[in-house]
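Positions are given from 1, in the same order as the sequence printed here. One-based numbering, in listed order, for ligands and for the atoms of each.
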Amino acid sequence: MKEILYKSTRSKSGTLKASEAILKGLAEDGGLFVPTEIPLLDISIKELAKMSYQQVAYEVMKLYFTDFTEEELKNCINKAYDEKFDTPQIAPLAEVDGAYYLELFHGKTIAFKDMALSILPHLLTTSAKKNHVKNEIVILTATSGDTGKAAMAGFADVEGTRIIVFYPEGGVSPIQEKQMVTQKGNNTYVVAIKGNFDQAQSGVKSIFGNKELAKEMDEKGFQFSSANSINIGRLVPQVAYYVYAYAKLYAEGKISEGQKINVVVPTGNFGNILAAYYAKNMGLPIAKLICASNENKVLFDFFRTGEYDKNREFILTTSPSMDILISSNLERLIYKIAGEDAEKNKELMESLATEGKYEITPEMREELSDFYGNYATEEETAEIIREIYEKTGYIMDTHTAVAASVYQKYRKETQDDAVTVIASTASPFKFTRSVMKSINPDYDKLSDFELVDELSKIGTVRVPDAIEEIRNAEIRHNNLCKVEEMEAIVKKFLEIE
Ligand SMILES: *Cc1c(COP(=O)(O)O)cnc(C)c1O
């Protein structure tokens, strides 16, 4: 098998092995790690169609994590995709109203972040072992709601690790917040910040970039790593479910071998849709990559105009995990369409940091022809939840609804009726109030858990364990800080004052 190495999107020199890139998370120059090339699938769809989720995941990940032994990688996969998921299929497809919803929410925290975050701790601890790391690994994460909980669930009580999560106060759903502040595990820390998600993310990035702090940490036996979607150890496991979905469609006779499908992804940080783009580049027959945004529609404007401009009002929506103005993972795409020109990419990213915007060249725009961007307003998001429920009985969450609405617009605009997979990124139980209010505004009178029970009744779906668990759980975390205090609070937790 061909060895794949990783390099930064912001410098020409230096490559790392997969395990080293996973450990580091972010490159020292502020860039993201990308594979020196995207490997091609070396197995037929016919063969993949016979495989379990775990087996497909191995076929995909082995091509990227080439310094892991077969045993190491299979170990990680088997520890990640087990009974924590409430279905042996791990990522089942639901056929609803002419599209296939790829349900990525059957893990421990009922959102798609589980797909990658249940394996990342194992990839990370395996990488630490392979590289003779003695320090304790401190995971630092900014979350718009789902990553934080999924990361904590993944890392809780994993030996040799600690995890610190920052989330925007008032910027996550009540259920999301309750899930986080009730998190168990002696190595978990949760802090609300007085700011929005982008400020939390910038704060984390600046702590990562602080060389003095890194030195201080090292002296005390700690080192940082990231569980954010910029870690290559999160991106690669996400490629697997697109391959799995395609193989399943083939196995069920819904498509013929080689038939192209479209993929619709409700997008925030651009990690999930980038994984679909990688899958396409590996040879998976995907035609259009449909990027769905909520009212924070920076990406829609970018695909339309070639200018990325985050200088705008930050809107709090009912799909909070997509309330993002700086889509970090887009940098990997920019690098690729710039012809893997690190200098060019760096220039654009510096412009983003200083001016809050950048513009790509016409040549780069041509490389984006496989992408289609659009967005759904709050009203449209609520409308499609009600519409699909009334038509089919299927209840989707607000993020998935953004995708469903954008898909409807795409169909209207293009008449393209290719088989389509819509990434369904969260269980409706995670955003119960918004979902139920969409179906009937009167539901707003009910309490959070009355809504949960009502949703279960009208949707005829069992209340997920993740929700049952927090019904009566005690609050274990009660921390609030200003953006400028993030570093100090990290030091306080680690007792390195
Ligand atoms: C994180 C998240 C998204 C956005 O995914 P990105 O990879 O950040 O684009 C969409 N929906 C849900 C429910 C999420 O948790």
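- At a threshold of 4.0 Å, the pair Arg10-Glu331 counts as salt-bridged, since one of the basic side-chain nitrogens sits closer than that to a carboxylate oxygen.
- Rounded to the nearest 0.5 Å, atoms CG (Leu325) and CG (Asn296) are 5.0 Å apart.
- Below 30°, between 30° and 60°, or above 60°: for Tyr277 and Phe371 the angle between ring planes is between 30° and 60°, a tilted geometry.
- Taking every non-hydrogen atom of Ala426 and a distance limit under 4.0 Å, the qualifying atoms of ligand 1 come out as 13 (C).
- Between Tyr81 and Phe85, the ring-plane angle classifies as tilted under the 30° and 60° cut-offs.
- Nearest-heavy-atom check against atom 9 (O) of ligand 1 across Ser327, Gly268, Pro320, Ala111 picks out Gly268.
- A 6.0 Å sphere centred on CZ of Phe155 holds more than 12 heavy atoms belonging to other residues, nucleotides or ligands.
- Within the listing of ligand 1, atoms 9 (O) sit less than 4.0 angstrom from a heavy atom of Thr267.
- In terms of polar-atom proximity, Phe270 is counted as a contact of ligand 1, with an N or O under 3.5 Å from an N or O of the ligand.
- Between Thr425 and ligand 1, an N or O atom pair is found at a separation short of 3.5 Å.
- In terms of protein heavy-atom proximity, atom 6 (P) of ligand 1 is closest to Asn269 N, 3.5 Å.
- In the vicinity of Gly271, heavy-atom distances shorter than 4.0 Å reach the ligand 1 atoms 6 (P), 7 (O), 9 (O).
- Between Lys288 and Asp370, none of the side-chain N atoms (NZ, or NE/NH1/NH2) sits under 4.0 Å from a carboxylate O, so this pair counts as no salt bridge.
- Contacts with ligand 1 closer than 4.0 Å are made by no heavy atom of Lys430, backbone or side chain.
- Ligand 1 places these atoms under 4.0 Å from at least one heavy atom of Pro266: 4 (C), 10 (C).
- Looking at Phe112 next to ligand 1, no N or O pair under 3.5 Å apart turns up.
- Using a 4.0 Å cut-off between a side-chain N of Lys or Arg and a carboxylate O of Asp or Glu, Asp114 and Lys84 do not qualify as a salt bridge.
- For ligand 1, one of its N or O atoms has an N or O atom of Asn272 under 3.5 Å away.
- Salt bridge Asp301/Lys357: absent, no basic N to carboxylate O contact under 4.0 Å.
- By the 30° and 60° cut-offs, the orientation of the rings of Tyr358 relative to Tyr308 is parallel.
- Counting the atoms of ligand 1 from 1 in the order shown, those under 4.0 Å from a heavy atom of Met322 are 10 (C).
- Counting the atoms of ligand 1 from 1 in the order shown, those under 4.0 Å from a heavy atom of Asp146 are 12 (C), 13 (C), 14 (C), 15 (O).
- Counting protein heavy atoms only, atom 2 (C) of ligand 1 is closest to Lys113 NZ, 2.4 Å.
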